[in-house]
Amino acid sequence: MSTETKITPRAQDYNQWYLDVIAAAQLADYAPVKGCMVIRPDGYAIWENIQRVLDGMFKDTGHQNAYFPLLIPESFFKKEAQHVEGFAPECAVVTHGGGEKLEEPLYLRPTSETIIWSMFRSWISSHRDLPLLINQWANVVRWEMRTRLFLRTTEFLWQEGHTAHASDAEAEEECRRMLEVYRVFAEEHMAIPVIPGRKSEKEKFAGALRTYSIEAMMQDGRALQAGTSHHLGQNFAKAFDVTFQDEKGQRQLVWATSWGVSTRLIGALIMAHSDDKGLVLPPRLASRQVAIVPIPGKQADPERMTGEARRLADELGLGRAVVVDDRPNLSPGAKYHYWEQHGVPLRLELGPRDLEKQQVVLVRRDTGEKRSLPRGGLREAVRQELEAMQREMFEKARAFRESRTYSVDTEEQFRKTIEEPGGFLRAHYCGDTECEVRIQNETKATVRCIPLDAPAEKGRCPFCGKESGRRAIFAKAY
RNA sequence: CGGGAAGUGGCUCAGUCUGGUAGAGCACCUGGUUCGGGACCAGGGGGUCGCAGGUUCAAAUCCUGUCUUCCCGACCA
């Protein structure tokens, strides 16, 4: 087990820093196939925590899990024109099976709308079958040209919610509800502030009426789309002929939504909170919240301190979330570095001096703050510290985002600000795709979203001068 | 998919130009001494030099192809 891993400072090379943090925290490894990664136990543990929390939230909002197959007939895929156009180039296709060429090629799902709606057709016949609220946890494959661990990999894990509704309004409500679920999850569990908003025509999902997203800011000022929710209208119902009889006996097309978050969230977590020492995890998503490092001391029986450390672990009442580092071959200092690189929120040090004074030394991973706490009442103190850390990490991320968000009104301001210092630009947006393409080509910034809470405000697009009713968020994005 | 760089024990790299049969530091194993911010001593194990061809008496080294990673572009959760 390596205990020495160099991490490139953020200021020197942000991209390399990101990769170094992943390596040092042992979150993932490269797989033999281009763009694929192995999610290592410590990385997967984060995903399991994300899953656990979100899954509960989905169930609380009335959804049920199901599982649909990985392989999708090519013909299904071609039924929805815009959808095909959007996804065809990045699909992996199975052409052979059982040693023979297949009559019809099978696509590895890049997303499951088609296979799911082909099934919804047989599950829905009456308004009494609606709404149908399904979620699945699955892997998907997208043949990306340029990949990055967690942020964009050929195969990734995600959840995809697929729902069917009797009306446009109901679908819209569902779509917004799930966006709100994502917002709450991002802010309260990942400690990442996000901006919920609507995507531009250019950025919306292929086959959707409209797309909403939550947008987060990373420490380099770039935006990361952390979750999406689509109002699919009746496009898939038309493509797969999914209809229901309403209360009046009229046959109607079903309305659809889909929404998802992926293992990309782990990348967001890393880039939002970590520092030059390594990974920093918000307590709520850390599978190990407290690491206890016993310091044996000079003349003491070496077993004594680890015994004390184990007793201390029991006192905390946090179960598996506490780890006692009793490795005999590492010095305390080496252990400090190890747990810092691994992002464990709190470290407790227990040595002879602490034993004498009936105290322990507590160190916060996010601030590095170190202080002594009395042994009595530690359980409550640690609980409070974890909560404080969760809260303060969110506040810190929010303050950072605010400090890097600028209102700009002229093209010149826009160009200058996006270049240096960079971040989120609040600017009027005419809504014109051509203008958006031009902005992207010339500044590398894209419309991240039109915030849902953006107040009505008359203004002009800084690039084309056309009138605009509100500001959008522009940023360079991952 | 284009342009650039790189693949040598787990990690960082030397050796490649000028072919002669693989080395260092760290990590790892054993024993001992240590331990309040990356311990020390002694002994030890581990590498078909990314992969496949070719040239040669001989290839980590030269040639061809290929795979993977990183950076820059065009495409995307």
Side-chain angles (χ1 to χ4, degrees), chain A residues 1-8 13-16 18-20 23-24 26 29-37 86-91 110-111 140-160 182 199 202-203 205-206 211 213-216 223-230 258-268 277-278 293-300 302 305-306 325-341 347-357 359-361 363 368 370 372 440-441 444 446 477-478:
Chain A
M1 192 73 46
S2 168
T3 53
E4 184 174 8
T5 314
K6 281 171 226 149
I7 295 175
T8 307
D13 184 343
Y14 191 82
N15 290 329
Q16 192 55 47
Y18 174 74
L19 296 169
D20 289 348
Q26 301 174 314
D29 259 342
Y30 294 104
V33 177
K34 181 181 173 136
C36 291
M37 67 170 168
F87 278 108
E90 54 183 90
C91 283
T111 178
V140 286
V141 171
R142 297 183 186 176
W143 216 259
E144 301 290 351
M145 290 305 156
R146 198 170 173 187
T147 56
R148 272 158 81 54
L149 292 178
F150 291 114
L151 298 178
R152 181 164 292 106
T153 47
T154 300
E155 178 189 8
F156 58 95
L157 304 181
W158 76 346
Q159 62 63 220
E160 44 181 328
Y182 289 155
K199 285 295 197 183
K202 178 174 169 292
E203 298 272 328
F205 177 72
T211 291
S213 72
I214 51 170
E215 300 286 331
L224 186 108
Q225 179 175 302
T228 52
S229 184
H230 315 289
S258 69
W259 28 273
V261 299
S262 70
T263 34
R264 170 178 253 207
L265 290 182
I266 297 172
K277 290 192 285 191
V293 178
I295 298 148
K298 290 189 171 48
Q299 68 277 44
M305 208 56 77
T306 51
D325 192 345
D326 57 3
R327 290 176 289 181
N329 54 329
L330 295 182
S331 67
K335 292 177 182 179
Y336 300 164
H337 285 273
Y338 179 88
W339 294 110
E340 279 167 358
Q341 291 192 334
R347 182 174 79 238
L348 295 180
E349 304 171 9
L350 186 65
R353 294 207 295 270
D354 303 306
L355 227 49
E356 237 170 73
K357 297 188 218 160
Q359 64 173 33
V360 298
V361 174
V363 186
K370 198 171 200 174
S372 297
Q440 179 172 7
N441 288 341
K444 303 294 172 209
T446 51
Y478 277 100

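From a predicted model like this one, the values you see are computed outputs, not experimental measurements. Residue numbering restarts at 1 for every chain, and letters A, B, ... go by the order of the sequence lines.
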Legend entry - ring centroid sep under 5.5 Å plus plane angle under 30, A:W158 with B:A77: no
Remember a base hit wins even if backbone is also touched, and classify [X] as base, sugar-phosphate or nothing at under 4.0 Å, heavy atoms.
X: A:Q159; value: nothing
X: A:L224; value: nothing
X: A:S262; value: base
X: A:Y30; value: sugar-phosphate
X: A:K199; value: nothing

Inset, instruction - Could you please name the option among B:G73, B:G36, B:A39 that lies closest to any side-chain atom of A:D354? - result: B:G36
Inset, instruction - Give the nucleotide from the list B:C35, B:A77, B:U69 with an atom nearest to the side chain of A:R264. - result: B:A77
Inset, instruction - Evaluate the ring planes of A:F205 and A:H230, with Trp represented by its six-membered ring, and classify them as parallel (under 30°), tilted (30 to 60°) or perpendicular (over 60°). - result: parallel
Legend entry - B:U66 phosphate, OP1 or OP2, under 4.0 Å from A:K34 side-chain N/O: no
Legend entry - Pairwise distance OH(A:Y336) to CZ(A:R347) - rounded to 0.5 angstrom: 6.0 Å
Inset, instruction - Write down the partner of B:C17 under the Watson-Crick or G-U wobble criteria, each distance required to be under 3.5 Å. - result: none
Inset, instruction - Tell which nucleotide pairs with B:A74, taking only Watson-Crick or G-U wobble pairs whose two distances are both under 3.5 angstrom. - result: none
Legend entry - Nucleotide B:C75, atom P - distance to CH2 of A:W143 in whole Å: 20 Å
Legend entry - Which residue lies more 5' along RNA chain B, comparing A:N329 with A:G86 via nearest heavy atoms: A:N329
Legend entry - A:S331 (side chain) and B:A39 (base): donor-acceptor pair under 3.5 Å: no
Inset, instruction - Return yes when atom NZ of A:K34 has more than 12 non-hydrogen atoms of other residues, nucleotides or ligands closer than 6.0 Å, and no otherwise. - result: no
